[in-house]
Amino acid sequence: MKTLILIRHANALSCLEARVQKDFDRPLSPQGEQKAALTAQKLLRLDLNPGLVLHSPLKRAAQTAQIITQTVPAALEACTELNGLHDDRDVCEFLAGRMQEATCLAAVGHNPNIAFVLHLFTKQTRHFAPGSFAVLNFDDPHHPQLVQFEE
């Protein structure tokens, strides 16, 4: 089965808490680090082994991806397409293009973008709490199917 895993980054500190001026630089909170590790354990338990984890270049998404790949070894790649500022349809096209060459691929992004992408691919609506993920069967790239959702 060709598999796409859509992941929302884990809990992050506010700019004030993190003492940073830019949203781009907000790190994960201690709770977020734990949630990212739990997300990784769930992926492992479900025997989901992406060869590549694409992630937004924003610090909290990059940290989530890094923590996940400590448990589920995979290559990491920062992609501006996942930064939450791109049109949802463009993100879908980007991910569908990347799925042409992949068996299992994960993408760590931001809400509401990640929830809209899930809806555009599957017509399913889910609330993505921090660290949540959706597993899509991508065997038919024109009609991906939601097969698992974990919070």
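Because the structure is predicted, anything quoted here is derived from the model rather than measured. One is the number of the first residue; the rest follow in order along the sequence.
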The reported gap from CG in Leu54 to CG in Leu95 (rounded to nearest 0.5 angstrom) is 7.0 Å
Residue set satisfying side chain to side chain donor-acceptor pair (under 3.5 Å) with Asn113, at least two apart, ordered chain then number -> Asp88
Closest non-hydrogen contact found for Leu43 with Ile7 is CD1-CD1, 4.3 Å
* With the threshold set at 4.0 Å, does a side-chain nitrogen-carboxylate oxygen contact exist between Arg98 and Glu77? -> yes
Residues at least two apart in sequence or cross-chain that pass side-chain contact (heavy atoms from CB on, under 4.5 Å) with Thr103, listed by chain then number, are none
Contacts satisfying ring pair (Phe, Tyr, Trp, His ring centres under 6.0 Å) that involve residues 1-26 (not counting sequence neighbours) are His9-His110
For Phe149, the ring-ring contact (aromatic ring centres under 6.0 Å, His included) test, sequence neighbours excluded, returns Phe128
Note: Asp25-Lys22 ion pair, threshold 4.0 Å (strictly below): no
Taken to the nearest 0.5 Å, the spacing of Lys42 NZ from Thr71 OG1 works out to 13.5 Å
Phe138 meets the ring-ring contact (aromatic ring centres under 6.0 Å, His included) criterion, sequence neighbours left out, with Phe121
Quick one, Gln148 and Leu46 - any side-chain contact, counting heavy atoms below 4.5 Å? yes
By side chain to side chain donor-acceptor pair (under 3.5 Å), Gln41 pairs with (sequence neighbours left out) none
